[in-house]
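Chain letters run A, B, ... following the sequence lines, proteins first and then strands; every chain starts at 1. Because the structure is predicted, anything quoted here is derived from the model rather than measured.
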Amino acid sequence: MTMESEHPQDDAAAASDKLILSLHGLKKHFPIKEGALQRVVGQVRAVDGVSFDIRSGETVGLVGESGCGKTTLGRCVSGLTDPSDGAVYFNITEGDRDRVDALRDIPDEQRSEQEREELAALDEAHCINQLNEQARRHYRRNCQVVFQDAFASLNPRHLVNDIVGRPLQVYGEASGSELTTRTVQLLEQVGLGSQHLYRYPHQFSGGQRQRISIARALALNPELIILDEPTSALDVSVQAQILNLLHELQRERNLAYLFITHDLSVVRHMADRIVVMYLGKVVEAGRTQDIFERPQHPYTKALLAASPDLSDDTDTEIPTLEGTVPDPAHPPQGCRFHTRCPVATPACGWDVDDVVRGLENQENLFDGLSAVNRVSPFEAQLTFDNEASARALADTLHSNAISASMREALEEAVVRDRTINIRFNPAEEVELTERAPGHIAACVLDPAAR
Amino acid sequence: MVDSPNTDQIYLQTRDSAWRVRAQRGWELTRTMLANPTTVIGLTIVVLLILMALSAPWITEPNTPDAYQMPRDWSAVRVPPGSPGHILGTTNRGGDVLYGVIWGARTSLKLSLMVVSLTVVIGVVIGSVAGFTGGRVDEVLMRIVDVFLSIPELIFALAIAAVLGPSFTNIILALVVVFWVKYARIMRSQIIRIKQSEYIDAARVIGDSKLRIYLRDILPNSFTPVMVQATLDMGNIVLVGATLSFIGLSEAGIAEWGVLVSEGQAGISAGRWWAPTFPGLMVFLWALAFNLVGDGLRDVFDPRTESAR
């Protein structure tokens, strides 16, 4: 992108210094409970430290495969679940946001009394989980959600009249004839009309139901709407209609959207910026054009390659994604994407779990396994029933059955009696680094080298 | 757009159609139910039995001072059906079988309505608490329900009624203790299911209160299985109640089918079949009719097809 084309956007961003939403290190971990006593045996890290901002009137596309935590993130933002850690700030200026970032980066015990008070004041004023009752209501009104399954999100026993008018009723905004009038107005804004007032949701088509959902979300004049895969359950032709409707509404009302989707092509023409998530982490974020033209992370490239109508725009050398997202209860070390990454390097964080992940399809290999002694995520002793099994695993680890970069990262695979000692080169979690102004990505590969 | 002058007009017109749409939906459900011939048979019998119960004071001369006590005609003891003044005969203590059959329907209606309404309220409250709070409260409540369910209905009711002593009120109490558990279970599972639906999330996002979400979304959507069970229980309760009365746990001499059967059973060997047969037949009809209607309701409200209705 040239400097000329970059400036107008920067000016627009500077003009609206107010951030509708700012996520700071948002985490949502679900405990895994086991046994009669419901002991917590692990954590599913659905969202694991996500930070980004949404400016007023802006569309941010949140993209990732199913299971990467994007819906959970949406639920945290809309207040349907409380985050385990981190915070969501609402209606905050960029200056205050920077202050929050700075204060939160200081470890709890090192904050001075004054800093603590300052953070508490900012939290109370803007953090959605600490707002007082009145401010919480204000936030509730200003952040609405359109769900993926329009049918499931409409009460089957309520008439459209009740559904769309309900937000107005809840806040005592209208009743009687005024309620009906405003409900009709809302329906007309989404392309329906008064003739639809007294019908049940099942009497509508999928696209119409999604329109009803949108009308309900608009009722309270929100500043932000979270769109959780609003079109993925619809036919392609209907998808386009709904996207156009959303686009128009945004122009008319200066709405900000958090557009959650697994399909990059859907947000290409909607989103101003795109955030790509993988296994609860942001792997890349930047302006839509930058993401599409110069994707930095192999995961983003793979997603682009997976979008059929976009494939000619990108390098075709990147194969589409294979396999499934690893278990978020045991995310891979280093870069979480390295297990499926087509360009993984030895420095990407290969670990002991990858041995099992990569070889579990090989028959009989782990049959004789009798004990595992885990020293660290990168080192473990596997004890087998007999020496032959241990040797077989060692041979496999040196063969082509595992990727070259993993073999290179493998420092030791020594067999002593029936035990094999496996040790990998330890790697840190990959930090997000700036690749271009406003464009960040988390990948060990050096952008200068490409 | 809509101008203010015709706003009221639209309001009136649309309020009317909202009512019409709901009525139409009710009518469609009724029609689906009536398309099933066994349901129609069951419903007909139910209506006739209830009519009989309601019009008892006009069909027969109510006994004084207590109409629920069998009148005793000591001048006509053990007369067979067809005798003058005693169309269905009398018992060995001069009780008119026809009077017992008609007022027994009234007793049964009273019994089943009281027990069903009490058990539904108790069950729905306990089930809702368990389903909503979850965790330890839910665990404790559901284990209690399990204990109740592990004892056979009849034996449990019998034991309670026996402990409390023979009286009609105690039969109601015993039946309430036995029958509430099913509703608690049904309600809990419904709430847990519906709590996870997206339209509950949607209502929460709007900012509606928990109580209103419960009343507007959860209760109406969870009530059909409770209703089906209540209809089935209208029959079952009379069946169990009559059994308890038969054993002698009800007040003696009351116009109740079970009491009547027990009064007449001694005469069976002597060929006096009428005293136990007619009330027995009534119990059978009552239980059958409500079960047929309950099954019909279940078919209509089958969860697999319900969403389309």
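Heavy-atom contacts from other residues, nucleotides or ligands closer than 6.0 Å to CZ of B/R143 number more than 12. The number of heavy-atom neighbours closer than 6.0 Å to CD of A/E252, taken from other residues, nucleotides and ligands shown, is above 12. The local environment of CE in B/M114 is sparse, with at most 12 non-hydrogen atoms from other residues, nucleotides or ligands closer than 6.0 Å.
Among A/V146, A/I226, A/D149, the residue with the largest count of heavy-atom pairs under 4.5 Å with chain B is A/D149. In terms of heavy-atom pairs under 4.5 angstrom with chain B, the leader among A/Q144, A/R166, A/R199, A/Q203 is A/R166.
Nearest heavy atoms, B/R204 versus A/L80: NH2-O, 2.8 Å. What you find for B/G207 and A/R140 is that their closest heavy atoms are CA-CD, 3.5 Å.
Looking at A/R216, the atoms closer than 4.5 Å to chain B (heavy atoms on both sides) all sit in the side chain, from C-beta outward. With a 4.5 angstrom heavy-atom cutoff, A/R75 touches chain B only via side-chain atoms. Looking at A/N161, there are no atoms closer than 4.5 Å to chain B (heavy atoms on both sides), in backbone or side chain.
In this structure the side chain of A/F147 reaches within 4.5 angstrom of the side chain of B/V205, judged on heavy atoms. Counting only heavy atoms from C-beta outward, the side chains of A/R141 and B/I206 never approach each other to under 4.5 Å. Side-chain contact between A/D162 and B/R216 is present, with at least one heavy-atom pair separated by less than 4.5 Å. Side chains of A/S153 and B/D201 form no contact here, defined as non-hydrogen atoms less than 4.5 Å apart.
Within the model, atoms OH of A/Y198 and CZ of B/R22 stand 9.0 Å from one another, a figure rounded to the nearest 0.5 Å.
Among residues at least two apart or in separate chains, salt bridge (charged side-chain N to carboxylate O under 4.0 Å, His left out) pairs with a member in residues 221-234 of chain B are B/K182-B/D233.
No salt bridge links A/R137 with B/D208; every basic N to acidic carboxylate O contact stays at or beyond 4.0 Å. In this structure, A/R157 does not pair ionically with B/D217, as no charged nitrogen and carboxylate oxygen lie closer than 4.0 Å.
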